[in-house]
Every structure is written in structure tokens, then in C-alpha cells.
Amino acid sequence: MNTNLSKSVQYGFGLLSIAIISRWTSGNAVFTAPEAFLRYGFIGTVSFSAAGAIAFLALIPIIARVRSAAESSSFLGIMASRLSEPALKWMKRGILLAIFFGMSVMGFAAGILVFPLGTPVPVGMSLFFLFGFLAAIFFRLKWFTRFSMLKVGILFLIMIMILVHAYMLEGIEVVYDGIRLYHPYLLYVEWDMLPLLLTAFTIAMLGHLLLDLKMWNMLLKSKREKLRLGLSMTGLIWSTIPFSFSMIALSAIYKGGFQNFYSVFEKIFLRYDHFAITILLIFILMVIFFETFLSQIHSLYVLYDRNDLKLNKHMWGILILFVAAIPFWAHLFSISLLDLFFISGVFFAAALPVILQILWSRKEKGMLMPAAVLIGTLSGWTFLFFNEGPNSILIGFASSLIVLLIGWTAERRSITAVS
């Protein structure tokens with residue numbers, strides 16, 4: 001297994017911002033926000049973009065407290081020092097699930113990319129996973145990850161080019177009039193939805209940030225005095241990505257209706273007179289997504305304690321899961337990328353209070369931590385069958401928090417009884 005091997009470097013705020021944006025240039029940033037826009041209207045993309053900025057800002061006091069303790073140079077080391085052995089084992093399984101969710105998002109995004117070429121999304125997912133895993137297993141890809149910083153600039157260049165083509169050549173008023181005619185509901189702002197969406201998106205994103213091993217690697221290696229400025233800049237810059245792609249999606253539907261979310265991006269990529277431009281855009285975005293996918297592979301490698309034999313032993317089972325099971329599941333239940341965000345968001349929301357408890361308190365903790373994550377996740381997923389995704393995220397978060405509070409109360413009573 002040959003993936004990106006992080007060098008021991010000290011990140012300044014500029015390099016830190018670019019590195020984090022590069023890590024989180026994912027399918028959620030590019031495709032989930034436009035789908036939220038089409039489902040919830042303008043308030044959907046605004047809340048999604050703002051939630052990302054808030055989540056990065058919320059990291060500042062958390063990482064400041066962790067760095068002040070200076071117990072370990074890795075997130076797994078911090079967890080090992082504060083959890084019992086059985087609890088650590090189960091929390092590592094939770095991190096493994098977080099990595100799997102991240103990989104699934106990248107595969108889904110790749111499937112959406114090849115849809116305009118006539119390839120069904122599940123087939124595109126399978127091909128992406130097959131190529132990605134086999135490339136990581138059999139080839140040295142360290143050279144490829146050196147372009148991780150460059151991809152941020154390329155992504156913004158693509159965004160600007162598509163936006164200019166859509167709005168400057170077609171005309172902003174023409175696009176606006178078309179949306180008012182065919183999709184006026186997208187311009188209607190439901191202010192009562194804003195608190196729910198903003199809170200749910202923020203909780204899910206913050207939980208995901210705190211469970212990402214590469215993210216922790218960058219934060220723990222950064223210069224302490226640069227963290228506040230670096231994370232603030234990251235949040236503001238990253239939030240422009242989902243908002244921009246939402247506006248790109250808007251420019252694709254002003255001439256009429258659309259069948260589904262995939263057909264919207266099909267219109268975006270097939271609008272150009274020369275098909276070579278379409279191929280080039282898809283190829284560049286695919287390379288960007290592949291580099292982010294490799295960072296997830298590297299996180300998997302780190303979680304396995306850099307043990308090639310142990311990881312390779314499980315790799316073929318993981319390969320079957322992603323190449324066959326996940327695409328089939330997505331096709332069978334007609335799962336969209338936004339649906340996947342809500343499914344994974346419930347898990348990240350349930351994990352959030354647990355991770356905060358582990359980071360804030362230096363006492364050794366037991367099986368209550370993974371139990372809270374499990375109960376919160378199952379509660380949120382159960383609620384997801386009967387209600388909207390944002391509500392299920394809040395249910396998962398609240399259930400996990402209640403379990404922790406019950407455990408804390410029981411512990412206090414036992415201490416009082418002993419004394």
C-alpha cells in the first residue's frame with residue numbers, strides 16, 4: 001500500500017488554508033450544495049455554505065485546547081491516552097466508518113461526473129472505486145499527491161470559467177428571468193427553515209472534521225499562532241465553493257425543467273459546442289476527486305497503524321464492499337448524494353459530543369463513549385425513515401448527548417455514594 005506520506009512540516013496560515021481546502025474539495029462541496037439548493041431553494045445553498053464556514057471557525061477553540069495540552073502529536077495518540085482499550089477499539093471502528101463515508105462521497109461524485117457521458121451513476125462509482133483501490137495497492141502514488149495544493153487553484157479556475165460562460169455570455173437577466181418563469185420556488189426564501197438547516201449542516205460538518213485523521217495531522221503540525229487566522233480564512237474561502245457550484249446549477253435550468261439532479265449537471269457539461277471541452281472538464285474534476293480519495297486511503301493506512309500486511313489482508317473485502325455492495329445499495333434505494341450526506345451526517349452528529357467529551361476531559365473514559373455514538377446513530381437513522389434529513393441529524397446529536405449526560409449523572413452519584 002503506497003499512499004501519501006505526510007512530511008514533518010510546520011504549516012503557516014496560508015499553507016494551512018490551502019492544505020485544508022484541498023482536503024475538503026470533495027463531492028459534498030461540489031455536488032451536495034447544488035442538490036440542497038434544488039431541494040430547499042436558495043436558503044439550502046446559503047445554509048450549507050455558511051455551515052462550512054461556521055464549522056471551521058468552531059474548530060479554533062477546540063484545537064487551541066488540544067494543542068495547549070500537548071499530550072500527543074496525533075489524534076489517535078490523544079484518544080489512546082484518554083480511552084480504555086475496549087473503548088479505543090470501538091472508537092477506531094467509528095473512525096473507520098467515517099473514512100468509508102468519505103470514500104463513498106467521492107465515488108458518488110465520480111459517478112455524477114461520468115453521467116453526461118452516458119454511464120449510469122452506480123457504474124461510474126464502481127469503476128472509480130476499482131481504479132482507485134487497485135492504483136493505491138499496486139502503484140506508488142506519492143508523486144501524484146504532490147499536486148494536492150495545485151488542485152485548489154485549478155478548481156477555482158474551473159468555477160470562474162463556467163460561471164463566466166454561463167452568466168456573462170448568456171446574460172444575468174436572461175438567467176434570472178428564466179428561473180422566475182420555470183422555477184420561481186427556488187428564489188423563495190423560507191426563513192423559518194434557516195435555523196434548522198444551518199444547525200443540522202453545521203453539526204454534521206463539524207463532526208466530520210473532528211473525525212478526519214488527515215485534518216488532525218495538519219492541525220497538530222501547524223504553527224499554533226497561525227491556527228486562528230488559518231482556519232478563519234479556510235472557512236471563508238471554502239464556503240465559496242458550494243455556493244459557486246449552486247449558481248452554476250442554477251444557470252443550467254433557466255431554459256426549462258429538469259428530470260433529476262444528475263440531468264442538471266448533464267446540461268452543465270454538455271452545453272459547450274466542442275465536446276473536447278466537456279471531456280477536459282470532467283477529466284480535471286475527476287483528477288481532483290481522485291486526489292481527495294487518496295487522502296482517505298492514507299487515513300485508512302494510518303488507522304491500521306501503517307501495517308501493510310494487516311491492511312492488505314482486509315483490502316480485498318473493502319474492495320468488494322465499494323465496487324459492488326455500495327453502488328448496488330445506492331441504485332436499489334435511489335440514494336442521492338444529499339441523502340448520503342444526511343445518512344453520514346447522523347453518524348457524525350452522534351459522534352460530535354463524544355469527541356468533544358474526549359478532547360475536553362483528560363480522565364480515562366470507558367465504553368460509554370462508543371455506546372453514545374451507537375445509540376445516537378441508530379436513533380437518527382430510525383428517525384430518518386419517517387422524517388427529513390436535517391431533523392434526523394439533530395435527533396442523532398441529541399440522543400448521543402443525552403446518553404453522555406445520563407452516564408455523567410450516574411458517575412457523579414456513584415462518587416457521592418462512595419464518599
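Along the sequence shown, the residues carry numbers beginning at 1.
Residue pairs that meet the salt bridge (charged side-chain N to carboxylate O under 4.0 Å, His left out) test with at least one member in residues 47-56, sequence neighbours left out, do not exist here. Pairs of residues two or more places apart, or lying in two chains, that qualify as salt bridge (charged side-chain N to carboxylate O under 4.0 Å, His left out) and include a residue from residues 23-37 are Arg23-Asp212, Glu35-Arg39. Pairs engaging residues 227-245 under the salt bridge (charged side-chain N to carboxylate O under 4.0 Å, His left out) rule: none recorded [sequence neighbours left out]. Applying the side chain to side chain donor-acceptor pair (under 3.5 Å) rule to pairs touching residues 188-206 yields nothing, sequence neighbours excluded.
Under the ring pair (Phe, Tyr, Trp, His ring centres under 6.0 Å) criterion, Phe283 pairs with no residue at all, not counting sequence neighbours. Partners of Phe348 under the ring pair (Phe, Tyr, Trp, His ring centres under 6.0 Å) rule, at least two apart in sequence or in another chain, are His208. Partners of Trp216 under the ring pair (Phe, Tyr, Trp, His ring centres under 6.0 Å) rule, at least two apart in sequence or in another chain, are Phe75. Applying the ring pair (Phe, Tyr, Trp, His ring centres under 6.0 Å) rule to Phe342 yields no partners; only residues at least two apart in sequence or on another chain are considered.
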Contacts table for residues 236-245: side-chain donor-acceptor under 3.5 angstrom, sequence neighbours left out:
| from | atom 1 | to | atom 2 | distance (Å) |
| --- | --- | --- | --- | --- |
| Trp238 | NE1 | Trp24 | O | 3.0 |
| Ser239 | OG | Gly235 | O | 3.3 |
| Ser239 | OG | Leu236 | O | 2.7 |
| Thr240 | OG1 | Ile237 | O | 2.5 |
| Ser244 | OG | Thr240 | O | 2.6 |

Below 3.5 Å, can you tabulate the donor-acceptor pairs from side chains in residues 384-404 to any protein atom, sequence neighbours excluded?
| from | atom 1 | to | atom 2 | distance (Å) |
| --- | --- | --- | --- | --- |
| Asn387 | OD1 | Asn391 | ND2 | 2.9 |
| Glu388 | OE1 | Tyr40 | OH | 2.8 |
| Ser392 | OG | Gly389 | O | 2.5 |
| Ser399 | OG | Ile395 | O | 2.8 |
| Ser400 | OG | Ala350 | O | 2.7 |

Tell me which donor-acceptor pairs under 3.5 Å the side chains of residues 89-107 have, and how far apart each pair is, sequence neighbours excluded?
| from | atom 1 | to | atom 2 | distance (Å) |
| --- | --- | --- | --- | --- |
| Ser104 | OG | Phe100 | O | 2.8 |

Distance-only donor-acceptor pairs under 3.5 Å for side chains of residues 113-139, two or more places apart:
| from | atom 1 | to | atom 2 | distance (Å) |
| --- | --- | --- | --- | --- |
| Ser126 | OG | Pro122 | O | 3.2 |
| Ser126 | OG | Val323 | O | 2.7 |

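The closest donor-acceptor contact from the side chain of Arg65 to the backbone of Trp360 lies under 3.5 Å. Listed for the Arg180 side chain is no donor-acceptor partner under 3.5 Å among the backbone atoms of Leu187. Looking only at distances, a side-chain donor or acceptor of Ser295 sits under 3.5 Å from a matching main-chain atom of Thr292.
When each of Phe265, Phe37, Phe341 is checked for a ring-ring contact (aromatic ring centres under 6.0 Å, His included) with Phe31, only Phe265 meets the rule.
The six-membered or imidazole ring of Tyr254 lies away from that of Tyr182, with a centre-to-centre distance of 6.0 Å or more.
One distance of note links CG of Leu281 with CE of Met286; it measures 12.5 Å at 0.5 Å rounding.
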